[in-house]
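A short write-up of the structure that comes next.
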Amino acid sequence: MPDNNIFITGGAGFIGTRLAKALTQKNPGIRIWVLDNLHPQVHGPDAQAPRLGEHVTFLRGDVSNPEDIHRAMRAAQPAVVYHLAAETGTGQSYDEPARYSSVNVMGTAHLVEAVRQSGTVQRVVLSASRAVYGEGAYRDQRGNICVGLPREAADMADGRFDVPLPAGFLGPGSPAPSRAGMALAPASVYASTKLMQEYLLTQAGEGATWRATMLRFQNVYGDGQSLRNPYTGVLSIFAQQLIQGKELAIFEDGDIARDFVYVDDVVDALVRAGDKQLPHGTVLDIGMGKAVSILGVAKLLMKALGRSEDAYRITGAFRVGDIRHACADITAAGELLDWKPRVSVEEGIARLARWAQVQFKNP
Ligand SMILES: NC(=O)c1ccc[n+]([C@@H]2O[C@H](COP(=O)([O-])OP(=O)(O)OC[C@H]3O[C@@H](n4cnc5c(N)ncnc54)[C@H](O)[C@@H]3O)[C@@H](O)[C@H]2O)c1
């Protein structure tokens, strides 16, 4: 029955494999089609078709190739499409804007055309990113909310890492949770391509029979995240370095902060969004709703991996385009999806540590 048919792009990845599993557990009558090119940066050079379960048909293909998307859409005849396939490295996106645009932007454009032709699709759920907020929300000394400005490389080189505020706002500002509706300020090629994905789906779906929902994820982490990909997943990279006996190099002054949300909580939000007929173009923020400093999570990880808590060095180094502070306002996701995150950062890091230890014993 088409209502049970689901199509997931990028379904062999970190979030996608968990999503396929969760959907199958919830609905034993489900049929899922996954389109994934098994990107070597994520899956290694010789990746074979993954075993994703008896309800899942795996199709190897590329979202930037329209034929692959149309073939998958014809096979799946889905009621719900989850669009997860993407190039995901912020730093790498500066060096390869054409590839990032081709996969993230053109891939979404091809998907939109296939959705419009399908006649079966009712909902499209996009894995969007908080990167669209850039430095995100700040409260100034008078209590007014604004969006922080990009930081200058020269200031950071002098050890000044604070986020400047726009003219008319009294600094220094304190970080506040970011939410859909506030001004957008994508600060990297990756961020701009993720925003284009949102725009393409929203604009192409106006007046159509299908509806698109955008979930802007904060930093998703957990067991199963690629330990190969050097461009994503700071906690996976840290886990790997700690297990190898290395010392962590912590950027800036250690006070960069992120909203780390455990992968199963993100998957729960995706499943709920796929079930709900929300107004077309709804954008929801998905995170824990609180930020933790990079040094703070590094210390939790050191503890969970049995390393002494001084296995790090604050380097003062910085990367242009790295934002200082990220945190989601998850009120709307709570109200519209009846969703809330359940896995604390402490518990999530303990799970990640147990998994990473096994991976390195049996790579
Ligand atoms: N992990 C995070 O912290 C995070 C945060 C915000 C948004 N997101 C978004 O969530 C989505 C999934 O991220 P993830 O963490 O599971 O990443 P991932 O790299 O583990 O998974 C992405 C999957 O997409 C596939 N893929 C890449 N390019 C493709 C292409 N051209 N054609 C077909 N498949 C392709 C990869 O092989 C991989 O299996 C992405 O859209 C990402 O932008 C992730």
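For ligands, and for the atoms within them, numbers begin at 1 and follow the listed sequence. When a residue number appears, it is its place in the shown sequence, counting from 1.
With distances taken over non-hydrogen atoms, the option nearest atom 39 (O) of ligand 1 out of Ile8, Val34, Asp36 is Asp36. Compare Tyr221, Phe217, Tyr82, Phe14 by their heavy atoms: the one nearest to atom 6 (C) of ligand 1 is in Phe217. When the heavy atoms of Pro40, Ala86, Ala85 are ranked by distance to atom 27 (C) of ligand 1, first place goes to Ala86.
Residue contacts with ligand 1, taken as heavy atom pairs separated by less than 4.0 Å, involve Leu38 solely via the backbone atoms N, CA, C and O. At a 4.0 Å heavy-atom cut-off, ligand 1 touches Val103 through the side chain alone. Only side-chain heavy atoms of Thr88 come within less than 4.0 Å of ligand 1; its backbone N, CA, C and O stay farther off. In His43, the part holding a heavy atom less than 4.0 Å from any atom of ligand 1 is the side chain.
For ligand 1, the atoms sitting less than 4.0 Å from at least one non-hydrogen atom of Ala12 are 39 (O), numbered in the order shown with element in parentheses. With ligand atoms numbered from 1 in the order given, ligand 1 contributes 11 (C), 12 (C), 40 (C), 41 (O) to contacts under 4.0 Å with heavy atoms of Leu84. Shown in contact with Gly61 at under 4.0 Å from a heavy atom are these atoms of ligand 1, numbered in order with element: 32 (N), 33 (C). Close approach of ligand 1 to Gln218 is summarised as follows: ligand atoms under 4.0 Å from at least one heavy atom of the residue are 3 (O), 5 (C), 6 (C). Close approach of ligand 1 to Lys194 is summarised as follows: ligand atoms under 4.0 Å from at least one heavy atom of the residue are 40 (C), 41 (O), 42 (C), 43 (O). Using a 4.0 Å cut-off to heavy atoms of Val42, the atoms of ligand 1 that qualify are 19 (O), 20 (O). Listed by atom number, the atoms of ligand 1 under 4.0 Å from His39 heavy atoms are 27 (C), 28 (N), 36 (C), 37 (O).
A salt bridge is absent between Arg18 and Asp265: the closest approach of a Lys/Arg side-chain nitrogen to an acidic carboxylate oxygen does not fall below 4.0 angstrom. Checked for salt-bridge contact, Arg130 and Asp259 miss the test: no charged N lies under 4.0 Å from a carboxylate O. With respect to the salt-bridge test (charged N to carboxylate O, under 4.0 angstrom), the residues Asp68 and Arg71 qualify. A salt bridge links Glu347 with Arg351: the distance from a Lys NZ or Arg NE/NH1/NH2 to an Asp or Glu carboxylate oxygen falls below 4.0 Å.
The shortest side-chain heavy-atom distance between Asp3 and Gln122 falls under the 4.5 Å cut-off. Side-chain atoms of Leu111 and Met73, non-hydrogen and from C-beta on, do get closer than 4.5 Å to each other. Here the side chains of Leu242 and Met302 are in contact, with some heavy-atom distance below 4.5 Å.
Side-chain rings of Tyr82 and Phe7 stay apart, their centers remaining 6.0 Å or farther from each other.
Looking only at heavy atoms of the protein, atom 32 (N) of ligand 1 is closest to Val63 N, 3.0 Å. Counting protein heavy atoms only, atom 31 (N) of ligand 1 is closest to Asp62 OD1, 2.8 Å. Closest to atom 21 (O) of ligand 1 among all protein heavy atoms lies Gly13 CA, 3.4 Å. The nearest heavy-atom contact from the protein to atom 16 (O) of ligand 1 is Ile15 N, 2.9 Å.
For the 3.5 Å distance criterion, the side chains of Arg123 and Gln277 qualify, holding a donor opposite an acceptor. Checked by atom type, the side-chain pair Asp223/Tyr262 shows a donor-acceptor distance below 3.5 Å.
Within 6.0 Å of the CZ atom in Arg179, the count of heavy atoms belonging to other residues, nucleotides or ligands does not exceed 12. The neighbour count for Arg99 CZ, taken as heavy atoms of other residues, nucleotides or ligands under 6.0 Å away, is above 12.
Close N/O approach between Ala128 and ligand 1 is not found [any backbone or side-chain N/O within under 3.5 Å]. Note: an N/O pair closer than 3.5 Å links Val220 and ligand 1 by distance alone. Looking at ligand 1, you won't find any N or O of Ser129 less than 3.5 Å from one of its N or O atoms. Residue Gly10 places no N or O, backbone or side chain, under 3.5 Å from any N or O of ligand 1. At least one N or O atom of Asn37, backbone or side chain, sits closer than 3.5 Å to an N or O atom of ligand 1. Annotation: Ser64 places no N or O atom under 3.5 Å from an N or O atom of ligand 1; distance criterion only.
Shortest non-hydrogen contact noted between Leu284 and Leu278 is CD1-CD1, 4.1 Å. Shortest non-hydrogen contact noted between Arg216 and Ala180 is NH1-CA, 3.7 Å.
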